[in-house]
Amino acid sequence: MTDIIDAPAAAAANTLTQERKVVTAIPGPKSVELQQRRLAVVPPGVSSALPVYIAKAHGAIIADVDGNQFIDLGAGIGVTTIGHTDQGVVDAAAAQLGDVTHTLFTITPYEEYVRVAELLAAHTPGDFAKRTVLVNSGAEAVENGVKIARKHTGRNGVAVLDHAYHGRTNLTMAMNFKAAPYATGFGPLAGDVYRAPNSYPYHDGLSGTEAAARTIGYLEKTVGAADLACLVVEPIQGEGGFVVPADGFLPALQEWCTANGVVFIADEIQSGMARTGAWFASEHFGLVPDLVLSAKGIAGGLPLAGVTGRAEIMDSAQPGGLGGTFGGNPVAAAAAVAVFEQLESGEGFAAARRIESTLVSGLTALQERYDVIGEVRGIGAMVAIELVQPGTAATTKAPNAEAVNAIVAHAAQNGVLVLTAGTYGNVLRFLPSLAISEELLLDALAVIEEGFARLGA
Ligand SMILES: *Cc1c(COP(=O)(O)O)cnc(C)c1O
């Protein structure tokens with residue numbers, strides 16, 4: 001008898017109301033007290049964007065210990081894509097917790113891992129035999145993708161793009177564009193990582209073909225395809241500021257990789273799992289990556305990540321070469337199955353398109369009034385605005401991190417959590433859960449608009 005769990009209690013609905021509510025100063029007194037306790041025991045290397053301590057979360061709302069309710073435009077950086085405490089996820093995880101919490105797949109396996117692999121095979125681009133290895137975090141997925149590509153090709157080189165972000169482990173900190181804060185002082189960094197120009201239409205003005213020729217030319221000169229195991233790209237860059245490459249850029253890179261035996265790896269950790277209105281953002285660009293990395297949104301908030309790819313590449317790793325104690329944990333895997341099932345209904349994709357249309361039209365209207373908004377860009381529920389210094393939108397497009405910080409602070413004081421991004425900290429990114437209602441989204445936009453109106457004041 002393994003399934004004796006208190007089913008009604010496990011499935012108790014989270015009834016947090018879907019409304020913005022500010023009842024204390026932000027942060028409130030209880031959060032301030034918790035922050036004091038935290039500072040005594042948690043190092044500053046782990047920082048928090050907004051030190052309000054969250055007690056409950058549901059849908060698109062997070063509620064703090066002081067009773068304030070924030071509209072969450074960050075979703076834990078694109079993790080709670082189908083909403084906080086989605087009932088399907090809660091039920092699946094609770095039931096799994098009572099059945100099997102852990103065995104270690106590499107000792108005695110279980111169905112949930114296999115099911116997630118089947119679902120990833122079905123929903124990642126490409127109609128060919130695929131395999132999936134499950135791990136715990138995005139960075140670990142990147143590390144494993146590189147390991148597998150190296151084993152398959154017998155080469156060492158790893159190519160990445162300007163403005164990329166791939167994680168905080170030793171290899172991935174060498175793959176990030178920004179040294180600070182991710183790598184400063186944490187060396188020695190891994191070698192054989194080569195960074196090439198990306199496509200950033202707002203700044204480089206290049207067509208996809210031109211940008212790809214620049215990237216490929218750079219890689220051929222500085223490394224040479226014969227020494228490259230893989231090229232790792234985010235189809236839409238996340239931390240880099242939701243940079244959407246020019247049409248044709250990514251397909252040209254992929255073609256070059258294929259022609260030269262370089263494994264093309266799409267880091268879909270932030271852009272995947274329906275966020276952009278497609279299962280994976282690669283689809284918007286007609287890409288069929290050799291390997292796809294997923295994490296963040298895959299398990300509704302539980303830690304899970306995966307490397308999915310062509311069987312002949314994935315099968316090159318020797319038995320025992322891949323895995324880890326918690327990788328593909330049954331509870332996280334059961335939650336992921338629930339996320340896939342919810343998304344298979346199609347509602348999430350429609351929501352992503354609705355969110356894009358509301359955000360892009362709302363933010364474009366703001367851009368017409370505030371010349372610090374240089375560009376509105378993004379796809380689905382992955383939309384950003386890049387802020388520039390007043391009067392520079394048509395010229396230097398000089399980054400304006402101060403304005404971003406002022407808007408974020410105004411939003412926080414008024415019950416809206418919005419995140420920053422961009423190499424220069426001058427991008428406001430909107431990655432709400434697909435569960436956000438039109439009403440909440442418009443309410444959040446109104447708060448952001450007030451923030452812009454106060455900028456000059
Ligand atoms: C968040 C992120 C990672 C790292 O994932 P972690 O789970 O934080 O290790 C890697 N790549 C991209 C594109 C990401 O957004």
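Both counts, for ligands and for their atoms, begin at 1 and track the order of listing.
Ring orientation note: the planes of F105 and Y110 are nearly perpendicular, at an angle over 60° on the 30°/60° scale.
Looking at ligand 1, you won't find any N or O of A295 less than 3.5 Å from one of its N or O atoms. For ligand 1, the polar-atom distance check against E239 finds no nitrogen or oxygen pair separated by under 3.5 Å. Residue contacts with ligand 1: G138 is placed with a nitrogen or oxygen under 3.5 Å of a nitrogen or oxygen of the ligand (distance criterion only). Between Q270 and ligand 1, at least one pair of N/O atoms sits closer than 3.5 Å.
Using modelled atom types and a 3.5 Å distance limit, the side chains of Y53 and Q35 yield a donor-acceptor pair.
Judged by the 6.0 Å distance and 45° axis criteria, K130 is positioned over the aromatic ring of F128. By the 6.0 Å and 45° rule, K178 does not stack over the aromatic ring of Y165.
Near K296, meaning under 4.0 Å from any of its heavy atoms, are these atoms of ligand 1: 1 (C), 2 (C), 3 (C), 14 (C), 15 (O). Close contacts of ligand 1 with E234, meaning ligand atoms under 4.0 Å from a residue heavy atom, involve 13 (C). Counting atoms of ligand 1 from 1 in the listed order, those under 4.0 Å from a heavy atom of D267 are 10 (C), 11 (N), 12 (C), 13 (C). Of all atoms in ligand 1, numbered sequentially from 1 with element shown, those under 4.0 Å from a heavy atom of A139 are 4 (C), 5 (O), 6 (P), 9 (O). Those atoms of ligand 1 that come under 4.0 Å of a heavy atom in S137, given as number and element, are 7 (O), 9 (O).
The nearest heavy-atom contact from the protein to atom 10 (C) of ligand 1 is H166 O, 3.3 Å.
A salt bridge does not link K56 with D64: none of the charged nitrogens is closer than 4.0 Å to a carboxylate oxygen. Salt-bridge formation is detected for the pair R429/E239: a Lys NZ or Arg NE/NH1/NH2 atom is positioned less than 4.0 Å from an Asp or Glu carboxylate oxygen.
Proximity of atom 8 (O) of ligand 1 to the protein is not indicated, since no non-hydrogen protein atom lies closer than 4.0 angstrom.
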>> ring-ring contact (aromatic ring centres under 6.0 Å, His included), that's the test. Do F349 and W279 meet it? Break it down for me.
In response: CA-CA 8 Å; F349 298 90; W279 280 101; 5.1 Å; yes

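Panel note: side chain E268, backbone P235; no donor-acceptor pair is recorded below 3.5 Å.
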